[in-house]
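Report on one structure; see the data block that follows.
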Amino acid sequence: MDHLAYYELNEEPFSIVPLTNFYYHNDQHDQAFLRLRRAVDAMKGLAVLVGEIGTGKTLLARRLLEALPESEFECSMLVVLHADVTSDWLVRRIASQFGIDGSAGSKVEVIGRLYDRLNSIAEEGRRAVIIIDEAHMLRSREVLEELRGLLNLELAASKLISFVMFGMPELDACLLADPALKQRVAVRFELKNLPPEVVVDYVRFRLFHAGSSRQVFSAESLGRIYDLSRGNPRLVNVIADNALFEGYVRRAPLPLGPDIVDAVGQDLCLPPLVPADDIAERR
């Protein structure tokens, strides 16, 4: 019997891979999604979502990508892997996202072909959108100026392309390097850690979605998960995942108690616990 069978689960409930089928509806993430969706529906040009590591930015980016129907949008996601990207790389990569051979010709020629392609998309009655994940890596003023130039590609009544940038809070400082681009931010939203009562519901949701019909964590152990994670969704997943396996190794009875979570916190070298309030009071 493996640990999933031990808990009568159909799949891993706390994978840190951003799986959209495990998207947890809550006020701030739903509000972020609605605002970003409005930005691309209205072709507002530039939308920005920031948040600390592990707050769910990439999951929201993927959900937005999946939610935009191909009949209405030409949309793709670009992930920036390092801070040394150049404006030339950016233009050619964006062009390739729209099916253009970005390796052929000068940058000016590529922009010309991109402009023609964006016009064709608009004539089809669709909207062109590029989602940029890890956008805080775009620190070069030259790169930001190039983005601003691409945003200037427009028709008489609308933009030809919209960008949605996802990044850590330092993205705000990066945008300040080009004040004219900063002024073009039409929508901005910041993700924060989840409050205690939402963490409780989040853990139970993930377990239920994975097939659980039992109470896996006690109320006190859920409080410990919040205290160790400070409400950061990725840390919640890491702690809960390790706690499940620790409980399986010990063949601990359900619901798992706070001693299991405390042991995981020590193994992960997480900061000392803040005394947990009674979970009923957190509600």
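Note that the numbering runs from 1 along the sequence shown for the chain.
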Please list, chain by chain and in numerical order, all residues satisfying ring-ring contact (aromatic ring centres under 6.0 Å, His included) with Phe73, sequence neighbours excluded. none

Quick test of your reading of the model: are Arg188 and Asp172 salt-bridged, counting only N-O distances below 4.0 Å? yes

cation_pi(Arg63, Tyr23) dist<6.0 Å, angle<=45: yes

Can you tell which of Asn152, Leu147, Leu175, Asp178 makes a side chain to side chain contact (heavy atoms under 4.5 Å, CB included) with Arg184? Asn152

Side-chain heavy-atom pair Ile260, Arg250 within 4.5 angstrom cut-off: yes

Salt bridge between Arg62 and Glu66, side-chain N to carboxylate O under 4.0 Å? no

State plainly whether the residues Glu146 and Lys107 are in salt-bridge range, i.e. N to O under 4.0 Å. yes

For the residue pair Phe245 and Tyr248, categorise the inter-ring angle as parallel (less than 30°), tilted (30 to 60°) or perpendicular (more than 60°). tilted

With a 4.0 Å cut-off, would you call Glu154 and Lys159 a salt bridge? yes

So the salt bridge (charged side-chain N to carboxylate O under 4.0 Å, His left out) pairs with at least one residue in residues 42-55 (sequence neighbours excluded) are none

Run through Val80, Val79, Asp133 and flag the one making a side chain to side chain contact (heavy atoms under 4.5 Å, CB included) with Phe166. Asp133

So does Arg127 pair up with Glu74, basic N to acidic O under 4.0 Å? no

Return yes if some donor-acceptor pair links the side-chain N/O of Tyr202 with the main-chain N/O of Gly231 below 3.5 Å, else return no. no

